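Structure, as structure tokens:
Since this is a predicted model, take the numbers as computed values, not measurements. The sequence lines fix the lettering, A, B, ..., with proteins before strands; numbering per chain opens at 1.
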Protein chains: 2
Amino acid sequence: MKVPYSDDQNRLARFAKALGHPARIKILEILSNRGCCYSGNIADEFPIALSTLSQHLKELKTAGLIQGEINPPYIKYCIHKENWNIAKNLIDNFLAEKKDKYSPCDATS
Amino acid sequence: MKVPYSDDQNRLARFAKALGHPARIKILEILSNRGCCYSGNIADEFPIALSTLSQHLKELKTAGLIQGEINPPYIKYCIHKENWNIAKNLIDNFLAEKKDKYSPCDATS
DNA sequence: ATTATATTTCGTATTTTTGCGAAACACTAA
DNA sequence: TTAGTGTTTCGCAAAAATACGAAATATAAT
């Protein structure tokens, strides 16, 4: 069966999807602001069940945007540098590419 | 009831979510490559039912990334310049912000 | 060994997304 | 008015996402 999308299209969509929930945006911002390597008491920062938080962390992890380090008694998370940059490049490139390509289109709805 | 997420977090997640499907990435690339203002025969470019395509276009439209112009006998779509730039700024800013903030974290899984 | 702490997995319910074909709609051309 | 073209909406079904509490897991401290 035919594959209708390129690898880059799939990768880009995958990263974007991981960013597609405000809880995950917030989690990434928290991880970022703490410098890095933060644990699950992210839940103190906003009302969310630990199990729900865990699911979002898993999402971010499987998408490759964060990594977890088992560092007892905590599990610490941080942004995954390499993949983050890959995502950044894909997204930046995608967004920039369109920058000046639209023609004058007066549609408003 | 309390609102756990900021406006920017919600906006960013909303845009990202709209980009979170390869079909929509592809649609945006097609719109971009055609210069702009293109109609629904996007469906020629890859295997997708017209009704499904219509749904994805609606998604992109409600997210604000594209706009449709009723220009009989076609309905033409193009990238929504203002919102696209808003999305770009939000996303760029978000992605860049994290760039150098992670601390050395040797986690690999 | 027991207890306490941090986190994940399980089970479940609800909602949303995705996809398609059929039918409806809107507008043009005959 | 009728037929034709492009697009959307409807109805449906299947899959995925979201959220939570309860139970399980893992490790540290006692």
Intermediate values then yes/no, side-chain contact (heavy atoms from CB on, under 4.5 Å), B:Leu12 and A:Leu19
CA-CA 8 Å; B:Leu12 178 46; A:Leu19 299 178; 5.9 Å; no
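Ring geometry, A:His21 versus B:Tyr5: the interplanar angle exceeds 60°, so the pair is classed perpendicular (tilted spans 30 to 60°).
For the pair A:Lys17 and B:Ser51, nearest-nucleotide mapping onto DNA chain C gives the more 5' position to A:Lys17.
Among C:dT9, C:dT18, D:dT7, the nucleotide with an atom closest to any side-chain atom of B:Leu50 is D:dT7. Each of C:dC20, C:dT8, D:dT8 was ranked by its minimum atom distance to the side chain of B:Ile48; first place goes to C:dC20.
Remark: side-chain polar atoms of B:Trp84 are paired, donor with acceptor, to backbone N or O of A:Leu95 under 3.5 angstrom.
Within the structure, every side-chain polar atom (N or O) of B:Tyr77 is placed at least 4.0 Å from both OP1 and OP2 of D:dG6. In this structure, A:His56 reaches the D:dA19 phosphate: one of its side-chain N or O atoms is under 4.0 Å from OP1 or OP2. For D:dC20, one of the phosphate oxygens OP1 or OP2 lies less than 4.0 angstrom from a side-chain nitrogen or oxygen of A:Thr52.
In this structure the side chain of B:His56 reaches within 4.5 angstrom of the side chain of B:Ile48, judged on heavy atoms.
Between the CG atom of A:Leu57 and the C1' atom of D:dA19 there is a distance of 15 Å, rounded to whole Å. To the nearest angstrom, P of D:dA17 lies 6 Å from CD of A:Glu59. Here D:dA16 presents its P atom at 11 Å from NE2 of B:His21, a figure rounded to the nearest Å.
Counting any heavy atom pair closer than 4.0 Å across all strands shown, B:Gln55 reaches a base atom.
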